Trainee: 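Structure below; questions to follow.
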Amino acid sequence: MATAQAKAGRREWIGLAVLVMVTLIISMDMTVLSYALPFITADLEPTSSQLLWITDVYAFVLAGLLIPMGTLGDRIGRRRLLMIGAAVFGAASVATALSTSPGMLIGTRAVMGAAGATLMPSTMSLIRNMFHDENERRAAIGLWAAGFSAGGVIGLVAGGALLQYFSWGTVFEINVPIMVLLLILAPLLLPEFRDPAAGRFDLLSTVLAFVAVLPTIWGIKQFAEHGADWPPVAGVVGGLVFLAVFVWRQRRLADPVIDVRLFRAPAFSAAVVMNVLANFALVGFMFFISQYLQLVLGLRPFTAGLWSLPAAAAAGVGAAVLAPVLAQRFRRAYVAAGGLLVGAAGCLVLAQVGDEVGLTQVVVGQALMTGGVAMVLTLSAELIVSTAPPERAGAAAGLSETGSQLGAALGVAILGSIGTFVYRQQLSGAAPDGVSADSWATARETLGGAVQESRTLTSAAGDTLVALARAAFAAELRAAAVVAAGILLVTAVLAAVQLRNVGASVPGQDTSGGPGGPVTPAAARPPADGSAAPDTDAATVDAASVAVDPEPVGTVVEGAGPTGAAPGPEVRIGPPTAAPAGTRPAHPVA
């Protein structure tokens with residue numbers, strides 16, 4: 001008789017709400033600083049270099065530590081790491097709000113990034129332990145992804161609203177109540193999980209991961225902002241060299257930070273690539289929309305944020321509703337490709353904006369783009385975490401979030417560079433009457449520079465300069481939209497090909513594709529509190545790695561359904577044969 005996966009109860013769903021709030025806050029902190037920068041500049045008077053680090057250090061440190069922190073959570077306990085990170089994040093938020101110098105602000109933001117790196121993979125990997133039913137876990141990850149997708153937009157709205165009435169420090173102080181709530185509720189609602197056979201934590205691998213990710217993302221962002229120069233090129237090259245050393249070391253360690261053999265599962269590798277490319281298009285293009293709404297259409301920051309709320313709602317529907325429901329009935333290849341095509345359609349709508357009229361196109365196009373891409377981000381997160389064995393879920397979650405950060409940095413750099421080229425080409429002619437050569441040179445750099453220079457000119461010359469710059473930026477946005485649409489179309493083809501053998505599970509059926517299901521021994525089922533099951537003999541452990549939490553991902557073998565069931569695809573993550581007696585497989589992907 002088949003044993004169904006245990007359903008989640010009220011405790012798990014309330015715990016999920018707490019995790020989504022944490023994810024929302026972390027995502028908000030990536031954008032809430034945008035509107036506070038003028039106030040910080042006036043108050044603390046940072047240099048241009050210090051201002052750059054104030055803006056970027058949070059994301060740099062966050063990206064560099066995601067994978068090591070995910071692995072650390074697998075070893076010391078995911079709930080414990082989450083609570084440590086919450087305490088540090090809350091304290092660092094208070095210190096950031098009270099900063100009295102640029103150096104202090106940079107340091108406290110770096111600490112916030114390190115604490116955020118403990119929170120993100122912990123939230124995703126805990127979902128892996130709280131929701132054992134495949135459909136419930138997919139819905140839970142959808143809600144988690146919706147919180148992350150919506151957080152960036154909500155951060156813009158919240159930042160604009162707070163700064164109208166309070167000091168700039170309040171944009172950081174809003175983190176504190178959520179972190180306090182997490183510290184109170186986590187022991188009551190969230191299970192603890194650690195891998196009892198995780199082995200030692202390799203500090204050198206942690207350093208290698210950090211020095212591989214941080215200079216790579218820094219170099220890409222520098223290239224986008226300042227063009228080709230030797231420092232950003234050296235940063236990217238150096239990061240790639242350290243990445244190669246990191247991978248080389250992981251292949252030789254008995255207890256790696258991230259087991260590179262995970263990439264042998266087609267679903268896992270495809271999900272990671274989808275995650276990077278989807279974030280490339282989404283985050284890279286969002287860079288243009290905020291400028292278009294404010295500098296081309298002339299909207300106030302808070303009003304521009306309000307017009308972005310439909311996109312946040314679409315992201316929530318796509319991630320939390322459409323992705324889980326459609327993935328129950330259709331193959332993930334079709335659902336992922338469909339979401340990417342919807343996102344591409346949104347980009348093509350955005351490609352129709354003009355320099356005077358375009359609000360409708362922005363609202364509709366942004367909603368289609370974020371809704372479609374949010375579906376894909378939910379599916380990719382589910383595939384990454386579910387394909388990895390339970391004891392590696394933290395490291396896999398860290399890898400997923402690192403891919404998101406890398407894709408976002410690449411999107412800003414590449415789409416930003418393409419947009420800058422188009423903008424300058426549109427303004428390549430001679431300066432208009434009444435505009436000095438210096439003002440024209442500044443206007444050709446950025447739209448913001450053109451608006452600032454227009455205030456130093458006569459009314460007629462200023463209006464002419466702004467009109468030309470706005471038309472050039474509209475052309476820049478249209479070009480970026482077409483490129484983003486092309487990226488999403490390529491990713492849709494990739495998803496359709498790479499995930500074609502990953503099936504869908506229907507409620508009432510087992511995940512192997514047949515009407516029956518393999519019997520899951522009681523010893524192989526995870527305890528109700530989410531802790532790791534104790535090891536027994538090798539055969540039981542190997543069976544547990546496949547049968548405890550069967551997922552329709554990995555290598556699919558047609559016609560290999562369970563005994564007595566109709567032929568159907570069996571999802572096999574581990575090796576087809578049991579390990580020899582007395583041994584424990586190092587990893588179910590072999």
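We count residues from 1, following the sequence as given. Nothing here was measured: the structure is a model prediction, and the numbers come from that model.
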Trainee: Tell me every residue that passes side chain to side chain donor-acceptor pair (under 3.5 Å) with Ser308, counting only those two or more places apart in sequence or in another chain.
Mentor: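 Counting only residues at least two positions away or on another chain, Ser308 forms no side chain to side chain donor-acceptor pair (under 3.5 Å).
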Trainee: Taking Arg78's backbone N and O only, do any of them form a donor-acceptor pair with Glu192's side chain (distance below 3.5 Å, no angle check)?
Mentor: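 Yes, because the side chain of Glu192 sits within donor-acceptor range (under 3.5 Å) of the backbone of Arg78.
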Trainee: Can you check whether Asp133's main-chain N or O pairs, donor with acceptor, with Arg138's side chain at less than 3.5 Å?
Mentor: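 No.
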Trainee: Between CG of Leu19 and CG of Leu182, what distance do you get to the nearest 0.5 Å?
Mentor: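 Spacing of CG (Leu19) from CG (Leu182) equals 7.5 Å.
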Trainee: First locate atom CG of Leu488, then atom CG of Leu494, and finally report the distance between them rounded to the nearest 0.5 Å.
Mentor: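 The CG atom of Leu488 sits 12.0 Å away from the CG atom of Leu494.
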Trainee: Return the set of residues passing side-chain contact (heavy atoms from CB on, under 4.5 Å) with Val362 (not counting sequence neighbours), or none when no residue passes.
Mentor: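 Partners of Val362 under the side-chain contact (heavy atoms from CB on, under 4.5 Å) test: Ile289, Tyr292, Leu293, Leu350, Val353, Gln366.
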Trainee: Within a strict 4.5 Å, meaning less than it, do heavy atoms of the Met375 and Leu326 side chains meet?
Mentor: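 The answer is yes; the side chains approach within 4.5 Å.
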Trainee: With side chains defined as the heavy atoms from C-beta onward, is the minimum distance between Arg11 and Met130 less than 4.5 Å?
Mentor: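 No, side chains not in contact.
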Trainee: For a quick test of reading the model, state the closest non-hydrogen atom pair linking Ala336 to Leu379 and the distance between them.
Mentor: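 Where Ala336 meets Leu379 most closely, the heavy atoms are N-CD1, 3.7 Å.
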Trainee: Between Leu16 and Ile127, which heavy-atom pair has the shortest distance, and what is it?
Mentor: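 So the two residues come closest at CD1-CD1, 3.8 Å.
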Trainee: Applying side-chain contact (heavy atoms from CB on, under 4.5 Å), name anything that partners Leu208, two or more places apart in sequence or on another chain.
Mentor: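 Leu208: side-chain contact (heavy atoms from CB on, under 4.5 Å) contacts with Leu204, Phe242, Val245, Phe246, Arg249.
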Trainee: For Leu190, is there any backbone N or O sitting under 3.5 Å from a side-chain donor or acceptor partner on Arg79?
Mentor: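 A pair under 3.5 Å: yes.
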Trainee: Report the distance from atom CD1 of Ile54 to atom CE of Met104, rounding to the nearest 0.5 Å.
Mentor: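 These two atoms lie 12.0 Å from each other.
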Trainee: Report yes if some heavy atom in the side chain of Phe166 is under 4.5 Å from a heavy atom in the side chain of Val171; otherwise report no.
Mentor: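 Phe166 vs Val171: side chains apart.
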Trainee: What residues, two or more places apart in sequence or in another chain, satisfy side-chain contact (heavy atoms from CB on, under 4.5 Å) together with Thr23?
Mentor: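 side-chain contact (heavy atoms from CB on, under 4.5 Å) list for Thr23, sorted by chain: Met120, Thr123, Trp144, Phe148.
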Trainee: Distance-only check: which donor-acceptor pairs under 3.5 Å involve side-chain atoms of residues 273-280, not counting sequence neighbours?
Mentor:
residue	atom	partner	partner atom	Å
Asn275	OD1	Asn279	ND2	3.1
Asn275	OD1	Ser404	OG	3.3
Asn275	ND2	Ser400	O	2.6
Asn275	ND2	Ser404	OG	3.2
Asn279	ND2	Asn275	O	2.9
Asn279	ND2	Ser404	OG	3.4

Trainee: Could you give the side-chain donor-acceptor pairs of residues 317-325 under 3.5 Å, partners two or more places apart or in another chain?
Mentor:
none

Trainee: For Ala86 versus Leu183, what's the shortest heavy-atom pair and its separation?
Mentor: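 Smallest heavy-atom distance, with atoms named: CB-CD2, 4.1 Å.
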Trainee: Run the side chain to side chain donor-acceptor pair (under 3.5 Å) test against Glu136 and tell me which residues pass, sequence neighbours left out.
Mentor: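 Once residues adjacent in sequence are excluded, Glu136 has no partner under the side chain to side chain donor-acceptor pair (under 3.5 Å) criterion.
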Trainee: Can you tell me if CH2 on Trp307 sees more than 12 non-hydrogen neighbours from other groups inside 6.0 Å?
Mentor: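 No, not enclosed.
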Trainee: What's the separation between atom CG in Leu62 and atom CE in Met112, rounded to the nearest 0.5 Å?
Mentor: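 Between Leu62 CG and Met112 CE, I get 10.5 Å after rounding to 0.5 Å.
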Trainee: For a quick test of reading the model, state the closest non-hydrogen atom pair linking Gly239 to Thr216 and the distance between them.
Mentor: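 Heavy atoms of Gly239 and Thr216 come nearest at CA-OG1, 3.2 Å.
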Trainee: How would you list all residue pairs meeting side-chain hydrogen bond (donor to acceptor under 3.5 Å, both in side chains) that involve residues 166-188, not counting sequence neighbours?
Mentor: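 side-chain hydrogen bond (donor to acceptor under 3.5 Å, both in side chains) check on residues 166-188 returns Asp29-Asn175, Asp43-Trp168, Ser93-Asn175.
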Trainee: Atom CE of Met83 and atom CE of Met179: how far apart are they, to the nearest 0.5 Å?
Mentor: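 Here the rounded value is 12.5 Å.
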Trainee: Search all heavy atoms of Ala271 against all heavy atoms of Leu383 and return the closest pair with its distance.
Mentor: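 Ala271 and Leu383 have their closest heavy atoms at CB-CB, 3.7 Å.
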Trainee: Among all residues two or more places apart in sequence or in another chain, which pass the side-chain contact (heavy atoms from CB on, under 4.5 Å) test with Val94?
Mentor: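 Val94: side-chain contact (heavy atoms from CB on, under 4.5 Å) contacts with Leu98, Val176.
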Trainee: Could you walk me through whether Val272 and Ser380 pass the side chain to side chain contact (heavy atoms under 4.5 Å, CB included) check?
Mentor: CA-CA 7 Å; Val272 171; Ser380 64; over 6 Å; no
Trainee: Looking only at non-hydrogen atoms, find the nearest pair between Ala117 and Met69 and report the distance.
Mentor: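 What the structure gives for the nearest pair is O-CB, 3.3 Å.
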Trainee: Among all residues two or more places apart in sequence or in another chain, which pass the side chain to side chain donor-acceptor pair (under 3.5 Å) test with Thr118?
Mentor: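 For Thr118 there are no side chain to side chain donor-acceptor pair (under 3.5 Å) partners, ignoring immediate neighbours.
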Trainee: Working to the nearest 0.5 Å, report the span between CD1 of Ile40 and CG of Leu44.
Mentor: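 The CD1 atom of Ile40 sits 7.0 Å away from the CG atom of Leu44.
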Trainee: Quick one: list whatever passes side chain to side chain donor-acceptor pair (under 3.5 Å) with Thr96, sequence neighbours left out.
Mentor: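 So Thr96 forms a side chain to side chain donor-acceptor pair (under 3.5 Å) with Thr108.
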Trainee: Could you go through the side chain to side chain contact (heavy atoms under 4.5 Å, CB included) check for Val111 and Phe89 one step at a time?
Mentor: CA-CA 7 Å; Val111 175; Phe89 195 87; over 6 Å; no
